[in-house]
Amino acid sequence: MREALPLMWRNIAERYNLIGTHCATCGSNYYPQRKVCPKCRRKGQLEGRVFPGKGVILSSSQVFVSPKGFEHETPYWLAVVELDNHAKLLTQVVDSADDQVKAGARVEVVFRKIYEDSHEGAIAYGYKFKVVPGGK
Amino acid sequence: MAGIIGYGVSIPRFRIKTEEIARVWGKNGAHITSGLGVKEKAVASIDEDSATLAVEASRRAVLMAGIDPQKIGAVYVGSESKPYAVKPTASIVADALMAGPDLMAADYEFACKAGTAGMQNCLGLVLSGMVDVGLAVGADTAQGRPGDALEFSAASGGAAFLVGSKNVIAEINCTYSFTTDTPDFWRRQHAEFPQHAGRFTGEPAYFRHVVSGAKGVMKKAKTKPEDYQHAVFHQPNGKFPERAGHMLGFSKEQLQTGLVTPSIGNTYSGASLIGLAAVLDEAKPGDRILCVSYGSGAGSDGFDITVTPEIKNKKPVVSVKQLVADKQYIDYGLYVKHRRKLKSL
Amino acid sequence: MRSVSVIGVGQTKFGEHWNDSLRDLVTDAGVAAISDANVEGKDVQAVFGGCMAAGRFIGQEHIGALLADQMGLNPLPAVRVEAACASGGVALRMGYLAVASGMYDVVAVAGVEKMTDVSTEDAAVALAGAGDQEWELFNGATFPAIYALMAQRHMLDFGTTEEQMALCAVKNHGHAVSNPYAQFRKAVSLEQVMDSGYIASPLKLLDCSPLTDGAAALVLCASEKASKFTDKPVDVMASTQASDTLALHERETLTGLKATQVAGRDAFKQAGISQKDVDVLECHDCFSIAQIMALEDLGFCRKGTGGKFVEEGRSDKDGEIPTNLSGGLKAVGHPVGASGVREAIDVVRQLRGDAPKEVQLKDAKIGVSHNVGGSGATVVVHAFKRGF
């Protein structure tokens with residue numbers, strides 16, 4: 001879907017600033033945004049919210065074979081991160097020593113280039129995370 | 001009164017040593033290191049560009065100032081290594097700060113002084129009352145042609161300054177610019193790497209403009225070199241600013257705090273602003289700072305700055321010293337990969 | 001709902017089919033199944049075809065019509081079913097529901113994928129569409145990486161080892177040696193798997209199922225009419241399906257598939273059997289960790305003990321639940337839209353006594369097939385019993 005520019009553009013606010021959905025009815029936080037709370041369904045009161053840019057790694061994997069568009073970045077780290085408001089997301093982890101990228105590590109958000117359509121194509125920016133040394 | 005209300009810096013984590021670059025080209029690394037006064041330089045990774053550096057620095061500036069980003073009425077990003085030749089970086093920065101959409105924004109280009117040009121614009125807008133707060137950013141992922149002398153110093157980094165009139169930590173007393181048509185360094189449309197005019201970049205270009213810029217702003221401010229605790233000059237290498245300082249009558253001590261290029265290389269639009277940030281990291285109320293940028297082509301922007309007591313209430317999110325210390329060395333092979341210096345990358 | 005039986009099965013060899021297009025593959029499999037069922041084209045009343053990503057792999061949509069057309073079954077109603085790697089399993093379930101409801105007496109079910117017409121990188125992008133394109137693939141997540149994230153957490157929480165995962169591949173490859181339809185009819189050693197290099201740590205090349213071309217088909221018939229066509233019907237005891245979040249990160253747990261747990265529980269209930277009653281299992285081992293989690297999630301062993309369960313040989317041919325005697329997705333190959341049908345076919349072969357003699361179980365009566373779409377967003381479970 002690299003050529004689908006509107007698809008990338010539509011999510012810019014969500015990606016740049018970790019805007020997720022908070023359900024005021026049950027307190028759940030979702031990332032990416034949802035229109036229906038799976039727990040409360042139509043009783044859910046959903047609102048957009050800027051999520052905290054800090055969290056902890058739940059699981060990580062170093063990717064050696066990439067999909068198209070990421071060939072020049074291998075090997076790179078992917079992780080499932082639980083943010084401090086308990087929402088979870090999948091992210092790349094950069095700027096961190098290999099032996100620090102592991103479950104339990106504290107991470108914080110950084111702003112990075114995610115991919116570009118081609119050498120002359122549009123650039124997609126968004127979040128990645130990095131390990132916070134010392135982990136507070 | 002108007003001045004700096006917050007600032008932030010971003011420096012990529014990768015470093016390559018001058019000696020490592022010299023090794024590849026069969027040159028004497030020790031000589032080049034001491035000749036340039038640059039021992040290593042900061043290298044952007046493959047997923048960093050001047051937009052990501054600008055965003056990271058700007059976010060830190062907003063956090064430090066403690067302002068609502070919606071108060072920002074203007075965003076100017078200066079760079080000579082824009083990710084897009086056409087399409088602004090400023091709009092990326094504005095959205096990443098959640099500062100938009102009610103603001104003015106544009107990208108500036110004036111070689112290494114496009115960031116300070118933005119700062120002057122912000123100052124004018126704040127003083128005129130057109131905006132409450134303006135954001136000026138200088139960020140570059142500077143490229144040197146492989147094997148060229150520039151390759152030893154062309155580095156990546158950025159700095160962002162918020163200019164406003166409330167809770168000012170450093171007042172900008174006055175600013176002065178010196179501009180002439182002097183083609184010492186350029187990059188033509190569609191060209192991948194800049195070209196420079198060798199030794200011509202020295203006397204008639206850097207030194208003439210920096211010295212004139214400094215003298216001009218001191219004349220306007222009615223100050224002398226000894227009135228300043230700190231002086232920051234554009235720093236394409238570790239030697240030029242010291243010589244300019246000497247020509248103007250500044251001591252090495254006055255230049256020391258703001259001289260960052262020896263550890264991170266020349267960050268172009270970021271260079272003088274990162275130097276200014278390094279000074280503000282350590283400055284005390286009442287300190288007077290002279291800052292003169294230089295942009296090839298050519299011009300200089302001089303600033304006469306006085307630190308206010310408010311600086312005691314504001315801490316940088318991360319200090320320049322911390323950013324300089326947080327590093328990972330890479331070899332020339334990885335450098336070539338991350339900076340996409342192979343045609344096939 | 002009335003009882004439904006499988007009365008015929010057929011498939012192509014799985015592997016790289018340089019000379020065959022998707023239409024050739026699915027036609028070969030369909031014709032084989034119809035001929036095995038001993039039905040005439042005119043007896044078939046509808047076609048259900050599972051296919052995940054023909055649009056991406058060969059630029060062709062409208063696969064339902066293509067199937068009917070190429071099999072010479074026009075003007076029968078034909079439907080393409082898409083549920084990522086569970087497309088075949090869901091197609092089977094749609095066919096089952098169509099017959100069980102009384103709408104049709106005989107339907108053909110096919111699954112197909114032609115994956116090698118594009119580059120490996122393009123295939124990875126197509127496959128990653130089974131996950132969340134905007135929030136996983138966008139960030140550089142491949143399918144192996146998604147399963148690797150599950151594996152990493154499984155290792156952390158339960159002490160599962162890379163060797164235990166590798167053993168799944170070793171066993172499945174061993175089984176495939178006797179399978180004439182398998183892509184890899186060769187055994188691999190533990191050392192070979194362990195040395196095969198990371199694709200996404202901790203998963204190595206030989207922990208992963210391959211890119212495969214292939215098709216599989218079967219014919220379903222109302223059980224009450226099955227004797228018209230065959231004396232070896234295999235009855236569908238249960239057909240269940242469950243859904244979960246498309247993206248891995250939104251799940252409650254990384255170490256199991258909730259959809260497998262739900263579909264499995266429902267299937268055992270529907271069939272009125274327990275795990276102990278099952279003689280043979282074909283589970284969805286797209287990656288070695290997937291087999292370990294499937295054994296746990298289907299209730300053949302406790303959560304967290306799947307690695308040990310495999311290591312102790314309890315999923316071997318002579319173990320308590322013989323698993324993937326075909327060779328599994330790992331060694332038979334994984335043409336994504338076809339695998340769900342192929343898994344069912346291999347269970348049917350065991351129950352009919354038609355499996356290769358090296359892996360044929362004695363007197364297998366009840367079998368279960370388990371098919372996963374994406375990283376667990378769709379799971380289909382079928383239970384079968386010998387109907388003769």
Side-chain angles (χ1 to χ4, degrees), chain A residues 5 8-19 48-54 63 66 69-78 91-101 108-134, chain B residues 8 10-14 43-60 62-63 69 82-87 89 91-101 139 141 158 160 190 192 317-318 322-323 325-328 334 336-345:
Chain A
L5 200 67
M8 187 251 279
W9 167 81
R10 203 170 293 126
N11 294 327
I12 277 182
E14 246 173 311
R15 289 193 209 285
Y16 283 15
N17 288 297
L18 293 180
I19 297 172
R49 212 175 248 197
V50 177
F51 282 5
K54 293 194 170 158
V63 179
S66 78
F70 296 85
E71 301 90 336
H72 298 148
E73 301 193 25
T74 56
Y76 55 88
W77 284 96
L78 281 175
T91 178
Q92 282 195 35
V93 179
V94 294
D95 272 10
S96 309
D98 286 349
D99 61 357
Q100 289 183 354
V101 186
E108 65 182 14
V109 73
V110 293
F111 186 81
R112 290 299 172 95
K113 198 155 84 175
I114 308 296
Y115 69 78
E116 49 196 35
D117 278 350
S118 66
H119 194 55
E120 297 191 350
I123 305 168
Y125 295 95
Y127 57 83
K128 294 186 181 180
F129 279 72
K130 69 172 181 183
V131 173
V132 184
Chain B
S10 58
I11 300 171
R13 204 161 159 269
F14 288 144
V43 179
S45 71
I46 200 159
D47 63 351
E48 290 177 298
D49 58 25
S50 53
T52 68
L53 294 170
V55 168
E56 290 285 328
S58 301
R59 282 180 172 170
R60 287 169 178 157
V62 169
L63 279 176
K82 283 160 53 78
Y84 292 92
V86 177
K87 194 229 163 277
T89 302
S91 58
I92 299 172
V93 172
D95 264 12
L97 295 179
M98 290 193 288
T141 53
H190 308 307
E192 192 167 352
V317 173
V318 49
Q322 284 172 292
L323 288 167
D326 180 18
K327 61 186 171 185
Q328 182 191 337
L334 278 176
V336 160
K337 170 181 159 181
H338 283 283
R339 297 310 305 138
R340 299 184 183 223
K341 284 183 185 260
L342 284 179
K343 269 285 173 234
S344 61
L345 289 176

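Order of the sequence lines fixes the chain letters, A, B, ..., with proteins taken first and strands second; residue numbering starts at 1 for each chain. This one's a predicted model, so the numbers in the text were calculated from it and none came from an experiment.
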#### Entry: Atom group of A/Ile123 that falls short of 4.5 Å from chain B, counting heavy atoms
both
### Task
Flag the pair B/Arg59 and A/Glu108 as a salt bridge only when some basic side-chain nitrogen lies within less than 4.0 angstrom of an acidic carboxylate oxygen.
no
### Task
Give the minimum heavy-atom separation between A/Ala13 and A/Ile19, together with the two atoms involved.
O-CD1, 3.7 Å
### Query
Are B/Arg340 and A/Glu116 within salt-bridge range, i.e. N to O under 4.0 Å?
yes
### Query
Under a 4.5 Å heavy-atom cut-off, does chain A meet the side chain of B/Tyr84, its backbone, both or neither?
side chain
### Query
Can you find a pair of side-chain heavy atoms, one from B/Val55 and one from B/Ile92, that are under 4.5 Å apart?
yes
### Message
Need one label for B/Leu53: side chain, backbone, both or neither, based on atoms under 4.5 Å from any heavy atom in chain A.
### Response
neither
#### Entry: Structural part of B/Asp95 lying under 4.5 Å from a heavy atom of chain A
both
### Query
So, A/Asp95 and A/Arg112, do they make that salt bridge, N to O below 4.0 Å?
yes
### Query
Where on A/Phe111 is there a heavy atom nearer than 4.5 Å to chain B: the side chain, the backbone, both, or neither?
both
